[in-house]
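These notes concern the structure reproduced below.
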Amino acid sequence: MVDTTDRSVRVRIAPSPTGDPHVGTGYIALFNYAFARKMGGKFILRIEDTDQARYRADSEAAITDALNWLGVTWDEGPDVGGDFGPYHQSKRTAIYQEHCEKLLASGHAYRCFCSPETLAEIREECKAAKINPPMYDRRCKAMDPAEAKKRADAGEECVVRMVIPRDGTIKFEDKLRGEVEISASQIDDQVLLKGDGFPTYHLANVVDDHLMGISHVVRAEEWISSTPKHVLLYRYFGWDAPEWVHMPLLRNNDKSKISKRKNPVSIHYYRDIGILPDALRNFLSIMGYSFGGDREVFGLDEMIEGFSWDRVSLGGPVFDQDKLRWMNEQHIRALTNEELVDAFMGWRYNREHMLKIAPLIHKRIKTLSDFAGATEYMFSSEVDYAPFADKLSIPDVAKKDIWKGILELVDDVDKLDGFEPEALEATARAFCEKKGWKPKHVFGLLRIGSTGRKASPPLFETMAVIGKDICRRRLRELAEFIKKMK
RNA sequence: GACCCCAUCGUCUAGUUGGCCUAGGACACUGGCCUUUCACGCCGGCGACACGGGUUCGAAUCCCGUUGGGGUCGCCA
């Protein structure tokens, strides 16, 4: 089935720098990468930074670091260059606007001046009238294009929407499932160009995939329902569409789409608790995929060599932490003692990390041998809250408000760029203010939550050393623990 | 709610042109052996083809329906 002589395969991973490097990004990147290597094709990294509101400065580097850490590397991308750049969508706005003009000219798109408020009203009306799914009523489509252009040129803010046929169906072939058919009546006149002049995913994605010569779009299953829009866009532009491959979604234990509320989803979390990169990679590669025979532990090269879409299964795989740990154990065993020691040193037993710890424990140890006891929680992945059950309360605050509050604080911290002590403290104090809770009570909970101790070096410095991802995980577990307390 | 996708042990999966499946492996759980302890290792146990109709000599494998789960329905990707 797989033609290994096909050199024209070009695939891409297109993450959005809006947060932490997600395991789902790593998962999809891995399959794109394996397929590209198998076919002797190219794997491209493109940064989809078209959302100014959600853009996070520290995110892109975190994503590229995480992907490299996983062992997935790209042939073209913002850092390595290539013949199809630029590879940041934010640097391609002129291209999208130009293409939007073509659609406008051919009558496949129109300007829309409706405000977000108007749109919300329309959505409400649809709901009330039980119109499913709720859709834009296309009122601006009736406007004379010349008149619309005049208003836009005069500086009035507007978006550009694509025209979806009134009836008929849109079909496409998914490599893993066969033909998928969706009625045009289900599809809204999608916004292509936002009010700020940036493109939406749909436009940018199609234009870039075409311009970058992408042959196969390998992405997550959640995109299936918007694929008809993309198919239409290719048609409107007169381009050949790529092949579609929709991988199953990684799941929480309850089978819902994997999410940070129910699972650690940052690749950094797994790195920080001491999962070997090749173990995470191996684990991700048995999600929805089987190597063949009874092999579960295999190298990236082996996966590439035997790679075939035929080996993908479509039931959504649950991301099982236990099995990940077992996988990691297998990879640790495969190490020599020399390599194991290197792994420890590469992880946290190194000068750089010790230098962060040193000021925190310097005046808290009497002998060097006190180190292990004084820092145990800085190296472990989980802590036990049971010994503190009687300390997990705040005077005059209901238990429910406490655990919900902790979750809220975690969300506040999530919005930060980075995890610096100063910003952390400011966020925590703002939270106390907001809640009307005393810092000493909140900080006490934070301390127990992130260290598993009631005494520690300065809280926020300590949290910074433990790291954002582990702290977040611990705090969520603390909330869970309190929730379950009688 | 509408539309789309999916459906083998609790979990990851093998099973891919229907017969070699009284359904195999792995994680987890569990009984035992080994052992000065623990871990590893070894042997064993528990445990699934969602249900109902077809097609066929024969179905986990094909078709239809039902049920269940998931996803999407944003000027987010």
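Keep in mind that this is a model prediction, so the values were computed, not measured. Proteins get letters first, then strands, A, B, ... in listed order; numbering begins at 1 in each.
- For the contact set between residues 45-68 of chain A and RNA chain B, defined by any heavy atom under 4.0 Å, the members are Glu48(A), Thr50(A), Asp51(A), Arg54(A).
- The side chain of Arg123(A) contributes an N or O atom lying less than 4.0 Å from OP1 or OP2 of C75(B).
- Closest to the side chain of Trp223(A), out of C5(B), C27(B), A77(B), is A77(B).
- Per the geometry, CG belonging to Leu314(A) stands 20 Å off P belonging to G69(B), to the nearest Å.
- Pairs of residues two or more places apart, or lying in two chains, that qualify as salt bridge (charged side-chain N to carboxylate O under 4.0 Å, His left out) and include a residue from residues 132-145 of chain A are Asp137(A)-Arg139(A), Arg138(A)-Asp189(A).
- Which of C73(B), A28(B), U72(B) sits closest to the side chain of Ser225(A) comes down to U72(B).
- Taking atom P in both G65(B) and C6(B), one finds a spacing of 14 Å when rounded to whole Å.
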Per-nt protein contacts along nucleotides 10-15 of chain B (heavy atom under 4.0 Å; B base, S backbone sugar-phosphate only, - none) come out as -SBSSS

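- Both distances falling under 3.5 Å, in either a Watson-Crick or a G-U wobble arrangement, place G1(B) opposite C73(B).
- Going from atom NE2 of His246(A) over to atom C1' of U72(B) covers 12 Å, rounded to whole Å.
- Using bins of under 30°, 30° to 60° and over 60° for the plane-to-plane angle, the ring pair Phe291(A)/Phe298(A) lands in the parallel bin.
- Judged by Watson-Crick or G-U wobble contacts below 3.5 Å, the nucleotide C49(B) has no partner.
- Atom name C1', nucleotides U72(B) and C12(B): the rounded distance is 26 Å, in whole Å.
- Atom name C1', nucleotides A59(B) and A77(B): the rounded distance is 43 Å, in whole Å.
- Across all strands, Arg333(A) comes closer than 4.0 Å only to sugar-phosphate atoms, never to a base (heavy-atom distances).
- With both ends at atom C1', the span from A7(B) to U30(B) equals 29 Å, rounded to whole Å.
- Taking the P atoms as reference points, C46(B) lies 34 Å from G54(B), given to the whole Å.
- Contacts between residues 185-196 of chain A and RNA chain B, defined by a heavy-atom separation under 4.0 Å, are made by Gln186(A), Val191(A), Lys194(A), Gly195(A).
- Contacts classified as salt bridge (charged side-chain N to carboxylate O under 4.0 Å, His left out) and involving residues 78-92 of chain A (residues at least two apart or in different chains) are given here: Arg92(A)-Asp208(A).
- G74(B) atom P lies 10 Å from atom NE2 of His202(A), rounded to whole Å.
- Expressed to the nearest 0.5 Å, how far OG of Ser308(A) lies from OH of Tyr289(A) amounts to 6.5 Å.
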Pull out every protein N or O sitting under 3.5 Å from an N or O of nucleotides 44-50 of chain B, one pair per line with the distance.
none

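- Separation of the P atoms belonging to C49(B) and U61(B) is 12 Å when rounded to the nearest angstrom.
- For Arg311(A), there are no salt bridge (charged side-chain N to carboxylate O under 4.0 Å, His left out) partners, not counting sequence neighbours.
- For Lys257(A) and C73(B), the NZ to C1' distance is 13 Å, given to the nearest whole Å.
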Name the atoms and distances for all side-chain donor-acceptor pairs under 3.5 Å in residues 119-130 of chain A, with sequence neighbours left out.
none

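- Listed nucleotides: C6(B), C4(B), G1(B). Nearest to the side chain of Arg177(A): C6(B).
- His331(A) places its NE2 atom 14 Å from the P atom of C27(B), with the value rounded to the nearest Å.
- Nucleic acid contact class of Pro199(A) (heavy atoms, under 4.0 Å, all strands): sugar-phosphate only.
- Here the shortest heavy-atom pairing between Cys100(A) and Leu203(A) reads SG-CD1, 4.3 Å.
- Rounded to a whole angstrom, the distance from the P atom of A28(B) to that of C40(B) is 9 Å.
- When both pairing distances are held under 3.5 Å, C27(B) makes a Watson-Crick or G-U pair with G10(B).
- In this structure, the CE atom of Met162(A) is 16 Å from the C1' atom of G74(B), given to the nearest Å.
- Ring geometry for Trp244(A) versus His230(A): interplanar angle of 30 to 60°, hence tilted.
- In this pair, Tyr349(A) and Phe379(A) present their aromatic rings parallel. The plane angle is below 30°, not in the 30 to 60° band.
- Taking the side-chain hydrogen bond (donor to acceptor under 3.5 Å, both in side chains) definition, one finds that Glu338(A) meets it with nothing, sequence neighbours left out.
- Spacing of P atoms, U16(B) relative to U11(B), comes out at 23 Å, to the nearest Å.
- Screening residues 191-201 of chain A for side-chain hydrogen bond (donor to acceptor under 3.5 Å, both in side chains) gives Tyr201(A)-Asn205(A), Tyr201(A)-Arg219(A) as the qualifying pairs, with residues at least two apart or on separate chains.
- Listed nucleotides: C75(B), G70(B), C4(B). Nearest to the side chain of Arg251(A): G70(B).
- For Glu60(A), the salt bridge (charged side-chain N to carboxylate O under 4.0 Å, His left out) criterion is met by no residue, not counting sequence neighbours.
- Summarising the base pairing, C34(B) is matched to no nucleotide, lacking a Watson-Crick or G-U wobble pair whose two defining distances lie under 3.5 Å.
- If you take CG of Asn328(A) and P of C27(B), they are 15 Å apart, rounded to a whole angstrom.
- Residue contacts for Cys114(A): at a heavy-atom cut-off of 4.0 Å it reaches a base atom on one of the strands shown.
- Of the possible donor and acceptor atoms, none in the side chain of Asn282(A) sits under 3.5 Å from a partner among the backbone N and O of Met327(A).
- Although no hydrogens or angles enter the test, the distance criterion places a donor-acceptor pair under 3.5 Å between the side chain of Arg10(A) and the main chain of Met212(A).
- Residue Glu221(A) contributes atom CD, which lies 12 Å from atom C1' of A7(B) at whole-angstrom precision.
- Note on ring orientation: taking the six-membered ring where Trp is involved, the planes of Tyr27(A) and Phe31(A) are perpendicular (angle over 60°, cut-offs 30° and 60°).
- With sequence neighbours left out, the salt bridge (charged side-chain N to carboxylate O under 4.0 Å, His left out) criterion links Glu329(A) to Arg333(A).
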